[in-house]
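Input: a single structure, listed below in structure tokens.
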Amino acid sequence: MSVNDRWLEILLVPTRDGISVAEACRRYGISRQSFYKYRRRLWAEGTSGLQPRSRPPTNSPGQTADEVESLIVRLRVDNPRWGARILQTKLKQAGLDPVPAVSTVHRVLSRHGLVSRQELRSPKAWKRFERHAPNDLWQIDGTQVALADGSKAWIVDLLDDHARFAIGAHAVRRFRHRQLGRPWRRPSWSTARPGS
């Protein structure tokens with residue numbers, strides 16, 4: 001049942017059932033003021049007057065004061081590159097108390113048409129991380145692998161971050177941080193040659 005149908009039924013009950021308006025209001029749980037208000041709308045506008053209407057609040061105690069709003073607008077007009085954060089800082093420096101939140105300043109700017117809608121930027125294409133010169137940065141990676149006999153070993157790779165050139169690889173049974181400095185000083189590193 002739509003809102004129109006419900007109110008039409010309520011308004012017709014006293015005539016149809018031969019009961020008083022007060023009794024109809026008690027039956028449907030509404031006040032007599034509402035009954036008479038909707039009856040006046042029905043007589044004046046027909047059934048379209050029974051549609052729900054928006055009811056804005058009579059006052060907004062949290063609304064930004066007109067003086068503060070005009071100050072925000074004036075600062076923005078004088079300094080078009082200032083955004084909501086800078087404007088809030090300038091209001092603090094001017095000694096305004098209480099200072100509106102950044103979101104409030106932004107809403108004031110939007111309300112007065114001082115915020116231009118920015119286009120959504122597409123995400124930047126993925127860029128491979130690499131250094132600008134050879135031997136500027138080396139990466140070392142350790143990967144644990146299972147051997148045929150069921151034991152585990154670590155493969156430690158050393159990579160030049162400029163050319164993505166594999167400087168060397170070393171296999172160890174145990175991977176300890178103290179061992180990190182030792183392998184590439186020892187001749188046991190198998191080093192790759194360019195083009196191989």
Side-chain angles (χ1 to χ4, degrees), residues 1-7 29-31 33-144 156-167 175 177 180-181 184 194:
M1 175 180 276
S2 71
V3 175
N4 277 8
D5 295 340
R6 185 177 188 289
W7 273 109
I30 62 167
S31 68
Q33 290 84 0
S34 294
F35 179 89
Y36 289 117
K37 177 177 76 173
Y38 277 94
R39 189 167 77 175
R40 281 191 302 274
R41 284 191 196 171
L42 179 64
W43 289 347
E45 304 170 34
T47 55
S48 63
L50 301 177
Q51 285 290 341
R53 297 180 180 171
S54 65
R55 301 182 308 182
T58 54
N59 64 354
S60 299
Q63 185 175 355
T64 309
D66 291 336
E67 306 85 40
V68 175
E69 198 161 317
S70 63
L71 178 61
I72 292 170
V73 169
R74 190 177 37 136
L75 283 172
R76 174 58 180 248
V77 169
D78 293 344
N79 305 285
R81 294 181 59 99
W82 287 0
R85 285 195 176 102
I86 293 175
L87 288 170
Q88 185 202 35
T89 304
K90 296 298 179 183
L91 292 172
K92 280 180 191 175
Q93 291 171 353
L96 187 68
D97 189 41
V99 177
V102 173
S103 58
T104 303
V105 174
H106 182 75
R107 276 195 302 274
V108 168
L109 295 174
S110 297
R111 210 171 19 244
H112 290 276
L114 296 172
V115 176
S116 60
R117 196 167 168 82
Q118 295 188 0
E119 294 180 24
L120 293 174
R121 291 185 285 185
S122 59
K124 291 183 179 179
W126 182 80
K127 182 181 176 187
R128 194 174 94 186
F129 174 82
E130 64 183 34
R131 288 294 175 144
H132 298 290
N135 294 324
D136 195 15
L137 178 70
W138 288 359
Q139 292 182 21
I140 187 167
D141 294 323
T143 307
Q144 191 176 40
V156 182
D157 300 315
L158 192 60
L159 186 75
D160 179 13
D161 202 50
H162 169 69
R164 312 303 289 175
F165 177 70
I167 296 170
F175 189 64
H177 68 279
L180 288 179
W184 61 69

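Checking side-chain atoms of Asp160 against main-chain N and O of Asn135 turns up a donor-acceptor pair under 3.5 Å. Counting only distance, with no hydrogens or angles, the side chain of Arg76 and the backbone of Gly83 share no donor-acceptor pair below 3.5 Å.
The environment of CG in Asp78 is crowded: more than 12 heavy-atom neighbours from other residues, nucleotides or ligands sit within 6.0 Å.
The shortest distance between side-chain heavy atoms of Trp138 and Asp161 does not fall below 4.5 Å. Using a 4.5 Å heavy-atom threshold, the side chains of Val108 and Val73 count as touching. In this structure, Val156 and Asp141 have side chains that are not in contact, with every pair of non-hydrogen atoms separated by 4.5 Å or more. Counting only heavy atoms from C-beta outward, the side chains of Ile30 and Trp7 approach each other to under 4.5 Å. Contact annotation: the side chain of Ser70 never approaches that of Arg74 to less than 4.5 Å [non-hydrogen atoms, C-beta and beyond].
Glu69 and Arg111 make their closest contact through OE1-NH2, 3.1 Å (heavy atoms, listed as atom of the first residue, atom of the second, distance). Considering all non-hydrogen atoms of both residues, Leu159 and Ile167 come closest at C-CD1, 4.1 Å. Scanning all heavy atoms of the two residues, the minimum distance from Ser48 to Glu45 falls at OG-O, 3.1 Å.
Residues that satisfy the side chain to side chain donor-acceptor pair (under 3.5 Å) test with Asp136, not counting sequence neighbours, are absent from this structure.
Atom CD of Gln63 sits about 10.5 Å away from atom CZ of Arg107, to the nearest 0.5 Å. Remark: Arg6 CZ to Leu50 CG distance equals 12.0 Å, nearest 0.5 Å.
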Residues 85-97 side chain polar contacts: donor-acceptor under 3.5 Å, at least two apart:
{"from": "Gln88", "atom 1": "NE2", "to": "Pro100", "atom 2": "O", "distance (Å)": "3.2"}
{"from": "Thr89", "atom 1": "OG1", "to": "Arg85", "atom 2": "O", "distance (Å)": "3.0"}

Just distance, no hydrogens or angles: give the donor-acceptor pairs under 3.5 Å from side chains in residues 33-41, sequence neighbours left out.
{"from": "Ser34", "atom 1": "OG", "to": "Ser31", "atom 2": "OG", "distance (Å)": "3.1"}

